[in-house]
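Written out below as structure tokens is the structure these notes cover.
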Amino acid sequence: MAGNTENTEVLEVKTLLLTRSGSMAWEDAWEIKEIDGQMSLSHYSGDWSFYDGGKMEDCLEKRVALTDEEYAALCGKFQELGVGSWDGFNESDPDVMDGWGFSLEIELADGTAITAYGSNASPEGYHDFFDALTAHLAE
């Protein structure tokens with residue numbers, strides 16, 4: 001059952017793509033996926049408009065390979081924050097004048113898909129999720 005991961009013991013991420021953009025024309029993305037047999041976390045920044053034939057990979061800022069322990073801790077943090085319950089989140093706050101938006105797509109190891117979208121709105125725990133996701137890239 002898609003999105004029903006609240007009672008699962010482990011929220012094991014197979015792939016994750018978080019994109020964020022702002023009204024001031026910035027766009028960033030963070031991605032978790034397996035590369036060469038190891039889970040990796042990548043950050044992309046810039047203009048990779050698919051409409052112009054751009055590729056996100058061309059805007060790679062940083063990529064780190066996650067150790068098994070780092071990957072397990074990250075998945076555990078996502079579980080703790082209730083990310084599995086975010087499936088179907090789609091809210092906006094139209095009263096914000098200079099805002100931001102996000103799009104989150106996760107595929108879990110069991111095939112479950114989690115998608116969430118927001119415009120000047122986010123699910124509870126989103127900012128802690130973002131901090132946990134980006135912490136490995138700050139090192």
Side-chain angles (χ1 to χ4, degrees):
M1 183 181 315
N4 187 12
T5 60
E6 292 181 81
N7 297 323
T8 315
E9 286 186 34
V10 177
L11 192 140
E12 187 178 350
V13 173
K14 180 177 177 183
T15 62
L16 178 150
L17 180 62
L18 170 67
T19 58
R20 293 186 357 149
S21 59
S23 61
M24 298 302 291
W26 56 267
E27 187 165 23
D28 284 282
W30 294 264
E31 181 179 48
I32 295 176
K33 69 179 181 181
E34 186 177 318
I35 298 175
D36 297 328
Q38 188 168 15
M39 296 307 285
S40 296
L41 172 61
S42 303
H43 173 231
Y44 307 90
S45 184
D47 181 14
W48 58 81
S49 173
F50 296 110
Y51 300 109
D52 295 332
K55 296 179 184 168
M56 204 166 65
E57 194 68 28
D58 294 339
C59 296
L60 179 65
E61 291 285 321
K62 187 171 184 180
R63 177 173 287 143
V64 295
L66 299 171
T67 66
D68 291 344
E69 293 79 15
E70 290 170 331
Y71 169 71
L74 200 52
C75 289
K77 184 66 174 178
F78 296 166
Q79 179 72 28
E80 175 188 320
L81 292 170
V83 173
S85 69
W86 297 358
D87 187 44
F89 182 91
N90 188 1
E91 293 185 16
S92 66
D93 181 352
D95 296 326
V96 175
M97 298 300 275
D98 183 21
W100 63 279
F102 82 94
S103 170
L104 177 64
E105 299 174 3
I106 299 174
E107 180 185 356
L108 301 180
D110 68 3
T112 300
I114 300 169
T115 58
Y117 307 95
S119 178
N120 307 313
S122 56
E124 184 177 336
Y126 172 83
H127 298 289
D128 291 332
F129 160 80
F130 181 78
D131 290 346
L133 180 65
T134 60
H136 294 283
L137 294 164
E139 300 169 357

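Bear in mind the structure is a predicted one, so any value in this text is a computation, not a measurement.
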Answer yes or no: is there a side-chain heavy-atom contact under 4.5 Å between [X] and [Y]?
{"X": "Y117", "Y": "E105", "answer": "yes"}
{"X": "Y44", "Y": "E27", "answer": "no"}
{"X": "W30", "Y": "L137", "answer": "yes"}
{"X": "F78", "Y": "L133", "answer": "yes"}
{"X": "L104", "Y": "F89", "answer": "no"}

- [ ] Examine I35 and L66 and state if one hydrophobic cluster contains both, with Ile, Leu, Val, Met, Phe, Trp and Tyr joined whenever side-chain heavy atoms are less than 4.5 Å apart.
- [x] no

Open item on the list: Is it true that, when you exclude E124 itself, more than 12 heavy atoms of the residues, nucleotides or ligands shown sit nearer than 6.0 Å to its CD?
Closed with: no

Work out which heavy atom in [X] is nearest to a heavy atom in [Y]; give both atom names and the distance.
{"X": "A121", "Y": "D93", "answer": "CB-N, 4.4 Å"}
{"X": "S40", "Y": "A65", "answer": "OG-CA, 4.0 Å"}
{"X": "W86", "Y": "G125", "answer": "CZ2-C, 3.8 Å"}
{"X": "T115", "Y": "D87", "answer": "N-OD1, 2.9 Å"}
{"X": "C75", "Y": "V13", "answer": "SG-N, 3.6 Å"}
{"X": "E12", "Y": "Y71", "answer": "CG-OH, 3.1 Å"}

Open item on the list: E80 vs F129, test: side-chain contact (heavy atoms from CB on, under 4.5 Å). Steps then yes/no.
Closed with: CA-CA 10 Å; E80 175 188 320; F129 160 80; over 6 Å; no

From [X] atom [atom1] to [Y] atom [atom2], the distance as rounded to the nearest 0.5 Å:
{"X": "R63", "Y": "E57", "atom1": "CZ", "atom2": "CD", "result": "4.5 Å"}
{"X": "N90", "Y": "S103", "atom1": "CG", "atom2": "OG", "result": "9.5 Å"}
{"X": "E91", "Y": "S122", "atom1": "CD", "atom2": "OG", "result": "9.0 Å"}
{"X": "D68", "Y": "M39", "atom1": "CG", "atom2": "CE", "result": "10.5 Å"}
{"X": "K14", "Y": "T112", "atom1": "NZ", "atom2": "OG1", "result": "11.5 Å"}

Task: From T15, L17, L18, L41, residue fulfilling side chain to side chain contact (heavy atoms under 4.5 Å, CB included) relative to I32 - done: L41

Open item on the list: Just to verify, what does Y126 make a ring pair (Phe, Tyr, Trp, His ring centres under 6.0 Å) with, not counting sequence neighbours?
Closed with: W100, F102

- [ ] List for me each residue that meets side chain to side chain contact (heavy atoms under 4.5 Å, CB included) alongside E61, sequence neighbours excluded, and say none if there are none.
- [x] H43, S45

